Amino acid sequence: MSGCRGPIPAEENIPAARAGGLGDLPIVVIGAGPVGLAAAAHLAGRGLDFLVLEAGAGAGASVARWGHVRLFSPWRFDIDGAARRLLEAEGWTAPDPDRLPTGAELISGYLAPLAAHPAIAPRLRFGAHVAAISRLGHDRVRTSGRENAPFLIRLASGEEIAARAVIDASGTWTTPNVLGANGLPAHGEAAAAPYIDHALPDILGADRRTYAGRHTLVVGAGHSAATTLLALAALAEDAPGTSITWAIRAASASRTYGGGDADALPARGALGTRLREHVRSGRIRLLTGFHTHTVSRDAGRVTVTSRDLTGAERSVTADRIVAATGYRPDHAIASELRLDLDPVLGSTRALAPLIDPDQHSCGTVPPHGVDELAHPEPDYYAVGVKSYGRAPTFLLATGYEQARSVVAALAGDWDAARDVRLDLPETGVCSSGLAEAQETRVGLATGITGGLLAAPLPSVATASGGSCCG
Ligand SMILES: Cc1cc2nc3c(=O)[nH]c(=O)nc-3n(C[C@H](O)[C@H](O)[C@H](O)COP(=O)(O)OP(=O)(O)OC[C@H]3O[C@@H](n4cnc5c(N)ncnc54)[C@H](O)[C@@H]3O)c2cc1C
């Protein structure tokens, strides 16, 4: 790595910042998921000093949580260009480009070797949970000298690190949406947490014993809910006493079912058809118009009460709840920075129209980079799935292009930063013939986009709209 000396030890970092040497400070990347590590690879490739802070114990800590799920994007779309160059120079061989990895394979075949690469490993700290970001000597209100003040990154341990720029690739996995129908936690939701799993538990694998022979309530109307319901239905076939209730806010599940045989995307249609059959047969009990209001625990079980807009109440008692209600970004860590957030999605305002789930599915999101990701706070960028806020249209390939563009800008190479490209074919990213031919262990037809796992199907563009996603 040219022009890049070793990382400044933490104890010297803040004094160096106080001495005014902004240029001597590293660029801090938050998160060693696919996009954070891609940013690290681009930084290494450009010889810029950097430090990756990862809360988890290893690379891809959030991906590991859904390691049993197979991606819908084959390997060719899962590897960042700069990362590939670094890895190949060390003798790594890329996996079969047409294969669909599981989350666990994405880590073992790509993210873990990348994190262990000699250009990255010395600049990567695990167990480093970023609690807050500010500017040294500046709260959000203080303007004078702000752009020359280093960033101050405080870890949960209390340690503080100064940086010349921050690339926040911390994802959204750790901040799932709540069960409450209003977007606020349902009453009692926090206390009932031991009974609640968030999307995509490994029902047919590691988590089987938790669900076998028990009654599970699944809340949500998107793909992760559908996937979880199908896995539970499969479990019910050989685990007597397994029962399933599915609660949605909408008046009908027709949008989750999709178009069945007539659906533009066969995999989506097949998923919906199977779900509808289970509801028709009574294996899955469907509760529509369910507005989760209260969750209460009683004698080892949990009761969820809906209060609809008229005030009418209904309750269901279950052993477990799967909250498949999507994810939201945690902007709280950057609350002392000047962010320009779209009021609906929580992405930057410039990015919002490009990723709007009412207009776009993942394959139709146009390429974008530093200009769309910039905030009023110079040199702070959220990239990866966090950059999309609540829009469920994110794809790794778009995140890798974001990372490339932002790093080019931080290197002062504005021509490269603004030359944003995305080389995605019309098909084969969100769904592929290959994907549709397979099914994951959890029963998800892999042609259904995981990036839209939490999205209600109506937000997915139709094929007539040029979409590739289910
Ligand atoms: C089940 C599923 C299937 C998917 N399938 C596909 C697919 O086939 N193709 C595709 O293109 N996309 C897919 N996606 C969407 C997307 O690509 C992934 O969510 C991807 O993991 C996003 O990468 P990321 O690096 O932005 O964030 P993440 O992978 O979420 O990584 C964020 C990292 O930041 C760390 N972190 C979080 N907070 C902090 C903190 N405060 N301090 C320090 N570290 C922190 C986390 O531990 C984590 O390691 C899928 C998503 C899911 C959920």
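Along the sequence shown, the residues carry numbers beginning at 1. The model shown is predicted, which means the values in this text are computed figures rather than measured ones. One-based numbering, in listed order, for ligands and for the atoms of each.
Every heavy atom of Gly399 sits 4.0 Å or more from the atoms of ligand 1. In this structure, Ala128 counts as a contact residue of ligand 1, since one of its heavy atoms falls inside 4.0 Å of the ligand.
Around atom 45 (C) of ligand 1, the closest heavy atom drawn from Gly36, Ala55, Ala39 belongs to Ala55. With distances taken over non-hydrogen atoms, the option nearest atom 29 (O) of ligand 1 out of Ala38, Gly171, Pro34 is Pro34. Distances from atom 48 (C) of ligand 1 to the heavy atoms of Gly60, Ser62, Ala57 show the closest one on Ser62. Taking only non-hydrogen atoms, the option from Ser170, Gly384, Ala131 nearest to atom 36 (N) of ligand 1 is Ser170.
Remark: ligand 1 atoms within the under-4.0 Å shell around heavy atoms of Ala61 are 47 (O), 49 (O). For ligand 1, the atoms lying closer than 4.0 Å to a non-hydrogen atom of Val63 are 21 (O), 29 (O). Per-residue contacts place Phe394 under 4.0 angstrom from the following atoms of ligand 1 (heavy atoms of the residue considered): 16 (C), 17 (O), 22 (C). Atoms of ligand 1 found under 4.0 Å from any heavy atom of Trp173 (numbered from 1 in listed order, with element): 53 (C). For ligand 1, the atoms lying closer than 4.0 Å to a non-hydrogen atom of Ala169 are 32 (C), 33 (C), 34 (O). Against a heavy-atom cut-off of under 4.0 Å, Leu395 is close to the following atoms of ligand 1: 10 (C), 11 (O). Heavy-atom contacts of His129 reach the following atoms of ligand 1: 41 (N), 42 (N) (cutoff under 4.0 Å). Counting the atoms of ligand 1 from 1 in the order shown, those under 4.0 Å from a heavy atom of Leu53 are 43 (C), 44 (N).
Heavy-atom minimum distance, Thr393 versus Ile355: OG1-O, 3.1 Å. Closest approach of Pro101 to Leu106, counting heavy atoms only: CB-N, 4.2 Å. The shortest heavy-atom contact between Thr228 and Pro201 is OG1-CD, 4.3 Å.
With a 4.0 Å cut-off on non-hydrogen atoms, Ile30 touches ligand 1 through its side chain and not its backbone.
In terms of polar-atom proximity, defined here as any N/O pair under 3.5 Å, Leu71 makes no such contact with ligand 1. Taking any N or O of Leu396, backbone or side chain, at least one lies under 3.5 Å from an N or O belonging to ligand 1. Taking any N or O of Ala397, backbone or side chain, none lies under 3.5 Å from an N or O belonging to ligand 1. Geometrically, ligand 1 and Trp66 share no nitrogen or oxygen pair separated by less than 3.5 Å. Backbone and side-chain nitrogen or oxygen atoms of Thr174 are examined, and none is located within less than 3.5 angstrom of a nitrogen or oxygen of ligand 1. Below 3.5 Å of separation, one finds no N or O of Leu200 facing any N or O of ligand 1. The shortest N/O to N/O separation between Val35 and ligand 1 falls below 3.5 Å.
Of the residues listed (Tyr388, Trp173, Tyr327), the one engaging Phe394 in a ring-ring contact (aromatic ring centres under 6.0 Å, His included) is Tyr388, and it is the only one.
Val29 is not listed as a side-chain neighbour of Leu51, based on a closest heavy-atom distance of 4.5 Å or more. Arg421 is listed as a side-chain neighbour of Asp419, based on a closest heavy-atom distance under 4.5 Å. Ser387 has its side chain within reach of Leu351: a pair of non-hydrogen atoms, C-beta onward, lies under 4.5 Å apart. Counting only heavy atoms from C-beta outward, the side chains of Leu87 and Leu114 approach each other to under 4.5 Å. The side-chain heavy atoms of Phe151 and Arg164, taken from C-beta on, include no pair separated by under 4.5 Å. Considering only heavy atoms from C-beta on, Leu100 stays 4.5 Å or farther from Trp75 through its side chain.
In Arg249, the CZ atom is not crowded: 12 or fewer heavy atoms of neighbouring residues, nucleotides or ligands sit closer than 6.0 Å.
Sorted by first and then second residue, the pairs that involve residues 101-115 and meet salt bridge (Lys or Arg N to Asp or Glu O under 4.0 Å), not counting sequence neighbours, are Arg70-Glu105, Arg99-Glu105.
Partners of Asp371 under the salt bridge (charged side-chain N to carboxylate O under 4.0 Å, His left out) rule, at least two apart in sequence or in another chain, are Arg418.
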